[in-house]
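The next block holds one structure in the form of structure tokens; read it before the comments.
Note that these values count all heavy atoms, side chains included, but never hydrogens, waters or copies made by symmetry.
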Amino acid sequence: MSGKMLERVHSARRPAQFSGGDDENDGDESKTRKHISVAMRATNYLTRTGYLWPFLVLCLVLLLVSSLLIRSRSLVCVSSSYNPVSRMRFFGYEEPDSDFGSLGVPWCRSKLGKTVEWTTKDLLKGLEEFVPIYETRPIKNNMYGMGFDHSFGLWFIAQWLKPDLMIESGAFKGHSTWVLRQAMPDKPIVSLTPRHPEKYLKKGPAYVDGNCTYFAGKDFVDFGSLNWGNVMKKHGISDLSRVLIFFDDHQNELKRLKQALKAGFRHLVFEDNYDTGTGDHYSLRQICDQFYIRGGGHSCFKDSDEARIRTRRRKFWEKAVDIGELCGPGEAWWGVKGHMRDDFNHSNKAITYSEHFQNSRFVESVLEVYWELPPVAGPSLTHQTRYDPARAPSPIVEDGRFGLFQRLGLTRLENSVFNGYTQMVYLQISAQKS
């Protein structure tokens, strides 16, 4: 973390200077007066006229105003974009680089304590390579689809794992298919999506891949209903650990996890890993938000520290959740107000805390690796205004490191592409031991 740059204004006033005259002149007022400084003469004048105190008050006011202007220099409008970080600094909140994770980041516990092989250095190297690739994307305005953070995450994971087959559930206009293709140019893709991406070509940019098997439109089959044995046989896949599954279908992630486990898949990526109290489906982040996990669990007490912090943060971050939004009847905070959402929130089932707890224990029993993609960069660099950093891991490029941000080419991207972060997560799973 680079040091914070603080600017201070120092003002020093020199005392009036007198020359050391002869002793015989000590009582001569005229000789003493001619050596008095201009500042002293002005002070004497103001004292005689009665303006000294108003003058001093005016100087104090000007000094205070100057100090405020200097401290809030980051509030000067240099663009039309809204910068919540500047507002936070002005009102005395902590710097964003020390703000990440301050409200807790509940991290699912794996049964063996394993973690991913890649490091921050690997991610930085990947960013440098991916930015120019991303600039060639066919769908420039992927509204309601993946932004830059998750596009990079998917590309990086696929390129690192180098799977023999990639499967996506939910393709929308085809942006994620394009990302997978950039990671693995020669490997086959299977895409399951209710509406074929080619349908979007009539209204604007979309991507259809030539080496992709589509289960779409009238041929659509849900991930949990497809005969994966036949699909693997068709593509010559015998080792399912060589397959990467990408879910961006807004379905209950516990349901999808169980379906993938039953089919024998091991490597999963969930695009929208929504935080507790948000989203249209039950997520891994929600499932692992438990009191026994560091950074997990919540209090619905309206006068608690958490409630006060959440209320304050709601003013700055669009996706921040206050206690009123987090807690439902009976102080049910898990999932979304005690409900397990599914299928774009078309299903909204109430669950008890006991059920929620058991869901977490099941996930832990099959989980080998859990890794949430960190934000690409801090909000003072990306100017993102949506996700709350207090519920996110520290970014790859930390706040204050503008030189690195620029060197990676990230300044060439529009601010809007950084607004889609929802804790994308990579899982490695295996069956429970009997």
Do the side-chain N and O atoms of [X] and [Y] include a donor-acceptor pair separated by under 3.5 angstrom?
X    : Y    : result
S110 : E368 : no
Q251 : D343 : yes
H250 : D280 : yes
Y426 : H267 : yes
E253 : S283 : no
N419 : S416 : no
D322 : T311 : no
D399 : S380 : yes
R361 : Q358 : no
E306 : S299 : no

Can the positive tip of R137 be found less than 6.0 Å from the middle of the six-membered ring of Y134, inside 45° of the ring normal?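 Yes.
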- Salt bridge present between D122 and K125 (N-O < 4.0 angstrom):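 A salt bridge is absent here (no side-chain N lies under 4.0 Å from a carboxylate O).
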- Message: Quick test of your reading of the model: are R391 and D289 salt-bridged, counting only N-O distances below 4.0 Å?
- Response: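 Between D289 and R391 there is a salt bridge, with a charged N closer than 4.0 Å to a carboxylate O.
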Please confirm whether the backbone N or O of W155 pairs with a side-chain atom of Q182, one donor and one acceptor, at under 3.5 Å?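 Looks like no, no N/O pair under 3.5 Å.
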